[in-house]
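What follows is one structure encoded as structure tokens, with my remarks underneath.
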Amino acid sequence: MKELFTIGHSVHTVEAFVGLLRRHGVNALCDVRSSPYSRHAPQFNRESIQKDILTHGIAYIYLGAELGPRSADLSCYENGKVQYSRLAEKEVFQQGLARLRKGMENYCIALMCAEKDPLTCHRTILICRHLRGENIRIRHILEDGSLEDHCNTEQRLMKLLKIDPADLFSTEEAQIERAYDLQADKIAYVLPEGRQKA
């Protein structure tokens, strides 16, 4: 079975961040931020983090154009808000997933975004949603370095949204999909006024 990790850089120091990656055997970092820059944590700006982790023997791959939570394609938006379901249908997104699957054959990969909690990040709500059910064990590296299996993340999401997995009129799988939809709507990027589709 293939293995995939996710991690949020949050406000970690580079040293602490590299320590988390090494602790879990990660040797390739896949940056899935649409905009790989941070005012609050400039040590994670694309060029800086790429250079720093390479010195620790960890490869860096940027897939934010393919797997990021924003798009230049206005057909992916509704009332100015990105729709994850539309992003996921795009060929570029599917190409990004294909690159990721291929990479997992030779590397232990962690998807990186900014948010410390996987529930508030597209790495979980968009990307992992479309990898679950495959022969991939997905685990989230939490801020303290502990691991959360993706199935536990999904249960935490259901609890957060007060969705009963044992609903009389729906299967647990349908309830999980509903939870993904609701959370996607909560965290999706909204275009600034003036750039929104008329």
Side-chain angles (χ1 to χ4, degrees), residues 1-12 20 24 30-35 63-64 66-71 73-90 92-94 96-98 100-101 104 109-191 196-197:
M1 178 179 280
K2 294 176 184 174
E3 189 168 48
L4 177 67
F5 293 94
T6 87
I7 189 167
H9 68 64
S10 187
V11 291
H12 285 301
L20 292 176
H24 298 295
C30 181
D31 189 343
V32 293
R33 298 173 293 171
S34 289
S35 179
L63 283 180
E66 295 87 348
L67 299 176
R70 303 180 188 182
S71 177
D73 182 347
L74 289 178
S75 73
C76 292
Y77 293 81
E78 186 172 303
N79 298 321
K81 182 185 282 189
V82 75
Q83 304 297 301
Y84 283 179
S85 59
R86 295 182 192 175
L87 280 180
E89 290 171 354
K90 295 295 178 182
V92 67
F93 182 82
Q94 293 303 321
L97 290 184
L100 200 52
R101 291 183 192 103
M104 281 186 269
I109 297 173
L111 302 178
M112 180 190 74
C113 205
E115 292 80 1
K116 65 181 179 180
D117 186 347
L119 289 185
T120 60
C121 185
H122 87 288
R123 68 183 186 268
T124 299
I125 306 303
L126 173 61
I127 302 170
C128 292
R129 178 181 188 174
H130 292 279
L131 292 171
R132 64 188 293 274
E134 297 185 20
N135 194 29
I136 301 168
R137 183 178 188 191
I138 302 169
R139 295 193 287 173
H140 305 283
I141 302 171
L142 303 180
E143 191 174 33
D144 65 358
S146 63
L147 293 176
E148 181 177 61
D149 277 326
H150 190 66
C151 58
N152 293 331
T153 308
E154 290 179 335
Q155 293 306 312
R156 192 160 62 87
L157 176 62
M158 304 260 280
K159 191 171 180 184
L160 175 74
L161 297 174
K162 299 179 173 53
I163 294 176
D164 185 352
D167 181 84
L168 178 64
F169 301 102
S170 187
T171 65
E172 181 173 0
E173 181 60 26
Q175 292 289 77
I176 290 171
E177 293 294 338
R178 181 172 159 243
Y180 275 116
D181 288 340
L182 289 171
Q183 190 68 353
D185 190 58
K186 283 186 174 190
I187 69 171
Y189 173 72
V190 178
L191 286 168
Q196 298 190 10
K197 191 175 179 181

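Because the structure is a prediction, the values reported are computed rather than measured. Residue indices begin at 1 and follow the sequence shown.
- For Gln83, the side chain to side chain donor-acceptor pair (under 3.5 Å) test picks out no residue, with sequence neighbours left out.
- A pairwise comparison of heavy atoms in Cys30 and Leu100 identifies SG-CD1, 4.2 Å as the closest pair.
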Open item on the list: What verdict does the side-chain contact (heavy atoms from CB on, under 4.5 Å) test give for Gln183 and Leu160, after you've listed the backbone C-alpha separation in whole Å, the side-chain angles of each residue and the deciding distance to 0.1 Å?
Closed with: CA-CA 10 Å; Gln183 190 68 353; Leu160 175 74; 4.2 Å; yes
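- Around atom NZ of Lys2, more than 12 heavy atoms belonging to other residues, nucleotides or ligands sit under 6.0 Å away.
- Residues forming a side-chain contact (heavy atoms from CB on, under 4.5 Å) with Thr171 (at least two apart in sequence, or on another chain): Glu173, Ala174.
- With contacts defined as side-chain heavy-atom distances shorter than 4.5 Å, the pair Leu161/Lys186 qualifies.
- Here the closest heavy-atom approach between residue Leu87 and residue Pro69 is recorded as CD1-O, 3.8 Å.
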- [ ] Before giving the answer on side-chain contact (heavy atoms from CB on, under 4.5 Å), spell out for Leu74 and Leu191 the whole-Å C-alpha distance, their side-chain angles and the decisive distance to 0.1 Å.
- [x] CA-CA 10 Å; Leu74 289 178; Leu191 286 168; 3.7 Å; yes
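- Remark: Arg129 engages Glu177, Asp181 in a salt bridge (Lys or Arg N to Asp or Glu O under 4.0 Å) (not counting sequence neighbours).
- In terms of the ring pair (Phe, Tyr, Trp, His ring centres under 6.0 Å) criterion, residue partners of His130 (sequence neighbours excluded) are, by chain and number, Phe93.
- Residues meeting the side-chain contact (heavy atoms from CB on, under 4.5 Å) test with Gln94, sequence neighbours left out: Leu97.
- Every residue was checked against the side-chain contact (heavy atoms from CB on, under 4.5 Å) condition with Lys159, not counting sequence neighbours, and none meets it.
- Ala88 and Leu126 make their closest contact through CB-CD1, 4.2 Å (heavy atoms, listed as atom of the first residue, atom of the second, distance).
- The backbone N or O of Ser170 sits nowhere less than 3.5 Å from a side-chain atom of Gln175 that would complete a donor-acceptor pair.
- Scored by the ring pair (Phe, Tyr, Trp, His ring centres under 6.0 Å) test, His140 finds His150 as partners (sequence neighbours excluded).
- Considering CZ of Arg132 and CG of Leu4, their distance stands at 14.5 Å, rounded to 0.5 Å.
- Rounding to the nearest 0.5 angstrom, the gap separating the CG atom in Asn135 from the CE atom in Met104 is 10.0 Å.
- A donor-acceptor contact shorter than 3.5 Å links the side chain of Ser34 to the backbone of Arg70.
- Glu115 pairs by the salt bridge (Lys or Arg N to Asp or Glu O under 4.0 Å) definition with nothing, not counting sequence neighbours.
- Side chain of His122 to backbone of Val32: a donor-acceptor contact under 3.5 angstrom is found.
- Heavy-atom minimum distance, Met158 versus Ala179: SD-CB, 4.0 Å.
- Scored by the salt bridge (Lys or Arg N to Asp or Glu O under 4.0 Å) test, Asp164 finds no partners at all (sequence neighbours excluded).
- With sequence neighbours left out, the side chain to side chain donor-acceptor pair (under 3.5 Å) criterion links Lys90 to Asp73, Ser75.
- With contacts defined as side-chain heavy-atom distances shorter than 4.5 Å, the pair Phe5/Met112 does not qualify.
- His12 contributes atom NE2, which lies 5.0 Å from atom CG of Leu20 (distance to the nearest 0.5 angstrom).
- Distance check, rounded to the nearest 0.5 Å: CD1 of Ile163 to CD1 of Ile176 gives 10.0 Å.
- Scored by the salt bridge (Lys or Arg N to Asp or Glu O under 4.0 Å) test, Arg178 finds no partners at all (sequence neighbours excluded).
- Going from atom CG of Leu147 over to atom CD1 of Ile141 covers 6.0 Å, rounded to the nearest 0.5 Å.
- In this view, Arg137 and Met1, Glu3, Arg139, Asp149 satisfy the side-chain contact (heavy atoms from CB on, under 4.5 Å) rule, not counting sequence neighbours.
- In plain terms, the two heavy atoms of Leu111 and Arg123 that are nearest each other are O-CD, 4.1 Å.
- In this structure, Tyr180 OH and Cys128 SG are separated by 7.0 Å, a value rounded to the nearest 0.5 Å.
- Of all non-hydrogen atoms in Ile125 and Leu119, the two that sit nearest each other are CG1-O, 3.8 Å.
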- [ ] Evaluate side-chain contact (heavy atoms from CB on, under 4.5 Å) for Arg156 paired with Asp117, printing each intermediate quantity in order.
- [x] CA-CA 11 Å; Arg156 192 160 62 87; Asp117 186 347; 3.0 Å; yes
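- Looking only at side-chain heavy atoms (C-beta outward), Ile138 and Thr153 stay at 4.5 Å or farther from each other.
- Looking at Glu172 and Gln155, their side chains do bring a donor and an acceptor atom within 3.5 Å of each other.
- Of the possible donor and acceptor atoms, none in the side chain of Tyr77 sits under 3.5 Å from a partner among the backbone N and O of Tyr189.
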